[in-house]
Structure formats: C-alpha cells, structure tokens
S.K.: 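Before I ask anything, let me first share the structure, which is written out below as structure tokens.
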2 protein chains.
Amino acid sequence: MTQATGQTTGQTTGRAVRHDAMRARNLALVLGEVEARGSLTRAALAEITGLTKTTVSKLVADLIEAGLVVEAGTVRDGERGRPGMEVRISGDRIAAIGLEINVDYLSVRVVDLARSVRLRRTQAVDNRAAQPVDVIAALGDLVVKAVDEAVDIGLHVVGGVLAVPGPVDLSTGFVHNAPNLGWREVPVAELLRLPLPVLVENEANLAALGELWFGAGPPDFLYVSGEIGIGAGLVVQGRLFRGARGFAGELGHVAVSPDGPLCRCGARGCLERYAGQDALLAAAAVADLAELISLLEATDSRALAACERAGWALGVALSSAVNLVDPDTIVLGGIFARLFPWLADTVTGTLAAHLGQMRGAVPPVIVSRLGTEAAALGAAGQVIRQVIADPAAALHT
Amino acid sequence: MTQATGQTTGQTTGRAVRHDAMRARNLALVLGEVEARGSLTRAALAEITGLTKTTVSKLVADLIEAGLVVEAGTVRDGERGRPGMEVRISGDRIAAIGLEINVDYLSVRVVDLARSVRLRRTQAVDNRAAQPVDVIAALGDLVVKAVDEAVDIGLHVVGGVLAVPGPVDLSTGFVHNAPNLGWREVPVAELLRLPLPVLVENEANLAALGELWFGAGPPDFLYVSGEIGIGAGLVVQGRLFRGARGFAGELGHVAVSPDGPLCRCGARGCLERYAGQDALLAAAAVADLAELISLLEATDSRALAACERAGWALGVALSSAVNLVDPDTIVLGGIFARLFPWLADTVTGTLAAHLGQMRGAVPPVIVSRLGTEAAALGAAGQVIRQVIADPAAALHT
DNA sequence: CGATTTAGTCTACGTTGTGGACTAAATATC
DNA sequence: GATATTTAGTCCACAACGTAGACTAAATCG
C-alpha cells in the first residue's frame, strides 16, 4: 500500500478556540452585519445571526462602549409592538489613513469607520526627480499634519497603509523595483517613521481593494493599473489574490507577441512595450499624457492609432488573464481610466475575439470611478477592514 | 463627505460561534496536528495547541470513540518521567473513494484516513466512442464493486469525488464541455446514481490536489494537465484557486501568438494549437502517443522538432501564467509527464527567456510523480480533507 | 526503595451563550 | 381612556466547554 508523502490534507490554522475567541468572533459577526446592512436593531441582529436576544444585547453593549457603534434612533417594522432601537457604525471615533506615493503626487486620505472620507490631502511633486528618502520624508510630514487635523475633529487614527507603484515584500516593507518611480531596493517601511503603525503594499492591489470597497467593484474582478509599468490587482470573492510570493498580477510582462519588441525586463513582446505610457507616447510622438489626450480629442490619426494598438495589446494580454484567473469584470484604472473613451471598444473587441466561444459571456470592461483616489482609499480600507474583522482588539484600548 | 458605495470591508462569514462550534474547531485542530505530524502524545498536543492537558484528553477521547484516531503505543521523549501514549490517525475505519473518467480508462482509488491507498481499480475502455450515460453507468458499476471490497476489509467509505476532464459547474455537477471526451452539456452528477455522496470536479484541479497531498507538491504550484485540451490547476498556500466562476486554469486557450492558427474555440494562436495532443501528433505525422514516443526514443528529427515547438509554446504560455499568478513551481502532468524528457529543457529555457530578469529565480519545472493516478487520488483526498477539517461531524455517526 | 520527573485524570471554577420569565413601549380595540 | 395584544429588550438561572491546580500513574536515577 502506498503511503502518502505530500502536504497534509488538513489545513490547520494552529489556533485553538477558547471563550475569548468565541466572543471575538461573535463581536465581529455582529459588527460585520451592522456594516453590511447600514443599521440594525438588536432583535434583527438576533434573527440574522442566530444568536439569542440576550447575547446580542451584551455584544452590542460592548461595541457601544468601545465607540464602534452608536444607537441611532427608534424604528418600527410592523404595525404594533415595541419599536426597536437602530444600531449603526459610528463614524465619530475610529479612523484610518491611506497614503500613496505616485509619479507626480503624494496623497493621503482619512476614512472613518463608516467609510466616509473625512480628509483629503494631495501634494503635487515630481517624485521621479527626488531621492526616495526625501519623498518619504515629505510624505511623513503630510501624514502628521493630516493626523493632527483628524484629532482636531475628534477622530482617532489607529493605523495606515502606504501604496507604492511596484511589488512589495509584505513582511519587510521592502520595494525591490518600482519602475514608475525609478526606484530600486528601497527599504520603504524602514524609512517611514511615523507615530502610528503603517504597512506598505502594492498600488495596483490597493487600488483594486479601493474599487471593491469604495467603487463599483463586484466581488470578483481584475483591476488594471498603469503608467510606465502595468500592474493588475485580482480580487476573488472579496479577497485579494497575491500568488506564492506576492508577485502575482504582473500584467505588464505578459507576452502579447512572443517575437515582439525587446522589453526592459529582458523578455520580448511584453504588454508594457505596447500599452505602457512610454510606448503609447512614443507611438503618438508626444511628450506627455495631456498632449496625447488633446490630440485624441482632436481625432489626430496617429494618436488614435497609438491608442488602437495599445487597446489591441491590452485585449490580447487580458484574454490570457481571463483564461487563467477567470474574473467576472475588468476595471481599467491608472492612465487607462483617462484613455478609456479611446480604448474601451478595442479592448472589448480584442478580448471577445481572443476568448472564443467556449466560456460564455466576455467579462465586461469598465472604467474606474475613483480615479487617482483608488489606491489611497483601498489603503485606508485595509485598516478599516481589520478593525471590523477584530473588534475585540478595539475593546481593550 | 463621500459615502462609500462598494462592497463592505468586513468579510462576514454569517456564522455565529457557540460552544459546539468551539469544540468542533478544537477537535479539528487536534486531529489536524496529529495528521500533520504522524503521531503525537496528549502532552505534546497540549504543548502544540496551547489547550490544557485536560482539554486535550477529552478531545482525544472523543476522536478515539469516533474511530478517527487510535493509541499506537508508548513513547519516551526525555530520560525520565511517565512515557506518553502516541495517538495517530486510524486507517482502519473511515475511507474515501476517488473516481476518474478519462479518454481511455475509468479508474477508482480507495484511500483511508491515514492517506494510504487501499484499493486500485482501472478499467481500460475508449470513452470517446461511448455515450456519456453508458460511460457513467460503467463507472457506477466499478464504484459499487470497489466499495463492497472496501467494506470487506473493514473500511467505511463515507463519500467520493469524480474527476472529469473539463470545466465543471460545482453547484450542479454539470459539464458543459469536455473536449478530450467529446462531451457537451452532460449532467454528470444527475447521471451518477450511487449509494454514497459523490461530487464532480475538474480533472486538472483534482490532479493538482493529488500532487499536493500524495505527490511532491510544495504549497504553491501550477499543475499542467493535457491531452487534446490543456488545463491547469493552481494551488496557493495549500488551497485550490478557482476564479470567479470556477473556470480558472484554461491554459490551453492562453494566446501564444496573437496571429497564430485558428483554434476550435474561435480564437487564434491558443496554446492548444501548438502543444495539444492533436497538434503534436499532426506535427510529427503520427497516429498516437505511443508511436510518437517510439520516434522520440529513436531520435526522429520530425518528432523531436514537434516536441521542441510544443515545449516552446508551453514556455511562452507558462511565462504569462507565472507573471499573472506567481506560482513557486510548475508540475507537468498528463501527456506532458510522458513527454517530459523531450520537453523539459525547452520549456524551462523558453520560460527563462520570457520571464526576464525582474522576478528573481524562474520557477522550477518538474514532472508529476503520480502519473495517471493524480486525479483520482486528489479526488479521494478531497473527502479525506473534509473529514479531517470537520471531525465533529463524524462524531455523530 | 525513596526521590524525582513526566503523563494523564479528576474536580471545582470561570467564561460565554441559552432560554424562559419578565419588564417596557408601542398600537388596536372596545 | 382602559384593556388586550404585539414586539423589543432585560434579567437570571442554567448548560457547555475550557482552565488550573490537585492528584494518581508510570517511569528512571541514585
């Protein structure tokens, strides 16, 4: 008889469950349902969660005491009987901050627990001309000012996440390569000294989460972000897909044509060489994106042809992505959001042509509604999500 | 202030935790640790799980009573003190059955809870020449006989999974299209009438799980399966990745060349047209795989060139897969396992050339060790995994 | 053979959810 | 306007499950 030698079938989480864990889970369940539905009475929460009215009352009392929820007024469902008291997420205490370093700006967004954007700050600056240490110092200043302003309006910022345009080693906050910024081997987390915990994460991934939580994202979609480099964030069942080492979503180096132009990565025919910003501007013989858009609006034939070819290449690469990772929807962000009117038809047509007839409907291609805010909002959303997932941790502060 | 309109950040599981759920989780934790480490004493379990010796004793007593574990003898760790009693998974009661329909055989494997293969049955038959209803009836007969034999040796087969070579609607067990079998719109689950619950699942996915649990699979890898159609199963952190609708892994229709030969799916330049079995045999001008292998062994130049081109195409398609889903390792199964000696160098070389220098080491390409057993073992492993993940359910039978 | 070490069992206790009794707050009916 | 009825929310004794220290059991060392 053959004895198995592989990985175990069980998926041990290594975590025993005790009474405190049980309570934490039920607190999270109640808070999550309140968030999902806007507001609920205790009786409704008991019905939805299956817990007894007694238990729900106790859990809600704990959440009120922690400042995570508030009572928001009475509400009646039927004709008779005691009216219930609505409980909703409190936007007046806990908040999170999202940070972003992009090519030509630094930005921060403060978001409260009810997911309202309470503060927006953007600073225009050419980050490619600056040293990483200076960029990060300037960002730190922006954050400290924003946090002070948040405190002034009664908010308690519990943490943040920083979006950078390149793959990130999540355990160290180290950025090996950010082509849009011209950065290599930058210890971003180490350089970022702030009086609150801030993690570092890839911009495309955070923008995808931003679309999910603040945009029109369905639970499963592929978000495409792009400047010089092109990245993708994949959300499946409301969760980010990262791959084995966190380097999934390198759409920019998917092969469009195996004998195509040589890429800076060393391979040939990468999407970036067709649809990256540099490739687009070169094909249209213009110096920047604003000029390209002007020419497109003037229906300049060379500019339109450049967009057509970029759209075709995006469609080919996205057809491979759809075959491999099976998203419901494709959301175009970054420069592709700005160029959407001139890209969408070609992308969708090429996608349809390359997907064939065997997988039913072609995933719709939509434009990001959040524009340049997607990544910073996704960053803040990560922290909000953590608080809602583990309210018991907030009870002890 | 902008109010969020997207999906909630919380990920409600909708499941309250009560005392019985707490016990079920701790039972699963203990059983999972015993499975992971082969055998453990109660004292060691207490140390590993963090539960008290009292609690572990009670949990182990429940598992022994359910026939999931047995005491296997005394063992000593240090020099002195009372020797501990080893507890290990019992292979003598609970078992699962894996089923597989492939092009030219039907097979079943009975696997016990200790993941030993206790029974192997394979029936050679040309399934493409048969009607689906007849194929499934023949499979049913094979299963009933195998289950009877399992009962004879004291095993209790609690359920099974059937592997079919095509995408499967998991909720209905419906197979829309299985190109290797020539099937379209087949209600497989409905046709399969058996005295035990059997689910239906895609063969490439199950083979990937087979490699994970019974082969040499690391926790993250891409398994490539192929006959006429080419599919891939992606395992990330020990879990199968399915995509939004369960149609991920369609490696066979990833574009190798955007202007390549027309595929039966309607697109151009799909991998299948370069590396699928029909394409390979046509390029080598042979009638079947055995003949191709004979010619390869005789170093026939046309046969070698056919393999070279298939390997090149695989390398191009796999480079897109690696960029998008970031696996650690690539495992070649199906016909590619048989052709591995003539494919491996070209696949690895092309992969390296197309990945460029920006993502560190190229994922190693290895051959499946399980051969044609991978899918059936993966299928049985699914049921075993379910029992180990929820032993409390087994306590009530 | 007693001291020491380690495993495993026993038992009272603490935490958290349950379930029925009860109070509170409303409307419908007479 | 008083009573009956309906529904929300609180009170309180109880059940389930893990904890922690006491205790027994099984070994080796000196």
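Values below: all heavy atoms of this structure, side chains included; hydrogens, waters and symmetry mates excluded. Each chain gets a letter, A, B and so on, in the order its sequence line appears, and its residues count up from 1. Model, not experiment: these values are computed from the prediction.
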S.K.: Considering residues at least two apart in sequence or located in another chain, which fulfil the salt bridge (Lys or Arg N to Asp or Glu O under 4.0 Å) criterion with B/E47?
M.R.: none
S.K.: Quick one: does B/H19 reach the base of C/dT18 with a side-chain donor-acceptor pair under 3.5 Å?
M.R.: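 It does not, because no donor-acceptor pair links the side chain of B/H19 to the base of C/dT18 below 3.5 Å.
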S.K.: Applying side chain to side chain donor-acceptor pair (under 3.5 Å) as the test, list every pair that has at least one member in residues 56-72 of chain B; sequence neighbours left out.
M.R.: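 Passing the test, one end in residues 56-72 of chain B: B/R23-B/D62, B/R42-B/E71.
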S.K.: Could I get the full list of side chain to side chain donor-acceptor pair (under 3.5 Å) partners for B/S90, not counting sequence neighbours?
M.R.: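 With neighbours one apart ignored, the set is empty.
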S.K.: Does anything in residues 53-83 of chain A come within less than 4.0 Å of DNA chain D? Heavy atoms only, and list the residues if so.
M.R.: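 Hits under 4.0 Å, by residue number: A/K53, A/T54, A/S57, A/R80, A/G81, A/R82, A/P83.
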S.K.: Any side-chain heavy-atom pair from A/L155 and A/D92 closer than 4.5 angstrom?
M.R.: no
S.K.: Calculate the interatomic distance between A/D20 atom CG and C/dT15 atom P; express it in whole Å.
M.R.: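 Computing the A/D20:CG to C/dT15:P distance gives 11 Å.
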S.K.: Restricting to side chain to side chain contact (heavy atoms under 4.5 Å, CB included), what partner residues turn up for A/A43, sequence neighbours left out?
M.R.: A/T41
S.K.: Assess whether atom CG of A/D77 is packed by more than 12 heavy atoms of other residues, nucleotides or ligands within 6.0 Å.
M.R.: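 Check fails, neighbour count at 12 or below.
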S.K.: Applying side chain to side chain contact (heavy atoms under 4.5 Å, CB included), run through B/L209 and B/Q382 and close with a yes or a no.
M.R.: CA-CA 8 Å; B/L209 291 174; B/Q382 282 259 44; 3.8 Å; yes
S.K.: In terms of side-chain geometry, is the basic nitrogen of A/R115 or A/E35 positioned less than 4.0 Å from the acidic oxygen of its partner?
M.R.: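 Salt bridge: yes.
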S.K.: Closest nucleotide of DNA chain D for A/R18 versus for A/M85: which of these residues is on the 5' side?
M.R.: A/M85
S.K.: Quick one: B/R23 CZ to C/dT15 C1', roughly how many Å, whole number?
M.R.: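 So the two atoms are 16 Å apart, to the nearest Å.
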S.K.: Within this structure, what is the CZ-to-P distance between B/R15 and C/dG17, rounded to whole angstrom?
M.R.: 17 Å
S.K.: Between which nucleotides of DNA chain D, 5' to 3', does chain A make heavy-atom contacts below 4.0 Å?
M.R.: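 Both ends considered, the range comes out as D/dT5 to D/dT19.
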S.K.: How do A/T52 and B/E86 order along DNA chain C: which one's closest nucleotide is nearer the 5' end?
M.R.: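 With A/T52 and B/E86 compared, the 5'-side residue is B/E86.
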